[in-house]
Amino acid sequence: MKKLLPIILALIGTGAGVGAGLFLMPPPAEEHAEGAIECIPPVEDPEHAAPPEETVDEGPPVGREYVKLNNQFVVPVMRKDAVVALVVASLSVEVSSGTTETVYAREPKLRDEFLQVLFDHANIGGFEGTFTNGDRMDVLREGLLDAARSVLGSDVSDVLITEIARQDT
């Protein structure tokens, strides 16, 4: 009897758990819809009604375009002459309308400048700890924007970090 008691208690506990789960399970969507009471929205006085909300699709600012650079940037994070992590980032550049082709034509130089900024950021510890902290990201964005302006001039208004991830090795 002593050996059967734990097995019996386990079966009772399992049965009680299954029974409680079935009892507390919400009704299927179909049953819920059939038994639901239809709510009629209250009639509002037109004089006191709030003005209808307008939804505006905010695209890029007028006269601006976003150019996504084709490949991701891979940056090694070094510690004592060893790679301890890799940071992968995707970048886009906000430029004046009509300069997309210029960005693609100068992409090799732009990528080189961006990589230098990313390497410098990694070397000063920018990708250590909470590297997505707002202050650290602002420093990185400023450096990337300066680099983009050195290649593309005043056509660049912003550099967007669209994806960033760190993989420890």
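Arg64 places no side-chain N or O within 3.5 Å of a backbone atom of Val156 that could act as its donor or acceptor partner. No side-chain donor-acceptor contact under 3.5 Å links Asp112 to the backbone of Pro108. A donor-acceptor pair under 3.5 Å links the side-chain atoms of Thr169 to the main chain of Val83, judged by distance alone. Side chain of Arg136 to main chain of Phe127: no donor-acceptor pair is present (N/O by atom type, distance under 3.5 Å, no hydrogens or angles). Remark: side-chain polar atoms of Thr162 are paired, donor with acceptor, to backbone N or O of Ser90 under 3.5 angstrom.
Side-chain heavy atoms closer than 4.5 Å link hydrophobic residues (I, L, V, M, F, W, Y) into clusters, and following such links, even through other members, never connects Val139 to Phe114. Connection of Leu115 to Leu144 is established within a shared hydrophobic cluster, with ILVMFWY side chains joined at heavy-atom distances below 4.5 Å, either directly or through further cluster members. Val159 is not connected to Val74 by any chain of hydrophobic side-chain contacts under 4.5 Å among Ile, Leu, Val, Met, Phe, Trp and Tyr, and they are in different clusters. Grouping the Ile, Leu, Val, Met, Phe, Trp and Tyr side chains by contacts below 4.5 angstrom, directly or via other members, places Tyr66 apart from Ile164. Leu118 and Leu160 fall into different hydrophobic clusters, defined by Ile, Leu, Val, Met, Phe, Trp and Tyr side-chain heavy atoms under 4.5 Å apart, directly or through other members.
Taking 4.5 Å as the limit, some side-chain heavy atom of Leu69 sits within range of a side-chain heavy atom of Glu107. No side-chain heavy atom of Val93 sits less than 4.5 Å from a side-chain heavy atom of Asp158. The closest side-chain heavy-atom distance from Ile161 to Leu91 is below 4.5 Å. At least one side-chain heavy atom of Leu152 sits under 4.5 Å from a side-chain heavy atom of Leu110. Between Val88 and Phe73 the shortest side-chain heavy-atom distance does not fall below 4.5 Å. Residues Asn70 and Tyr104 form a side-chain contact, since some pair of their non-hydrogen atoms from C-beta on lies under 4.5 Å apart.
Between the side chains of Ser154 and Arg149, no donor-acceptor pair of N or O atoms lies under 3.5 Å. If you check the side chains of Asp120 and Gln116, you find a donor sitting under 3.5 Å from an acceptor.
Here the closest non-hydrogen pair linking Ala122 and Pro76 is CB-O, 3.9 Å. Of all heavy-atom pairs between Met137 and Phe131, the closest is SD-O, 3.5 Å.
Taking CG of Leu140 as the start and CG of Asp135 as the end, the distance is 12.5 Å to the nearest 0.5 Å. Here Arg111 contributes atom CZ and Asn71 contributes atom CG; the two are 5.0 Å apart, rounded to the nearest 0.5 Å. Atom CZ of Arg106 is separated from atom OG1 of Thr99 by 9.5 Å, given to the nearest 0.5 angstrom. Glu94 contributes atom CD, which lies 10.5 Å from atom CD of Glu65 (distance to the nearest 0.5 angstrom). Atom CD of Glu128 sits about 10.0 Å away from atom NE2 of His121, to the nearest 0.5 Å.
By the neighbour-count criterion of 12 heavy atoms within 6.0 Å, atom NZ of Lys109 is sparsely surrounded, having that number or fewer from other residues, nucleotides or ligands.
Legend: residues meeting salt bridge (Lys or Arg N to Asp or Glu O under 4.0 Å) with Asp138, ordered by chain and number and at least two apart, are Arg141.
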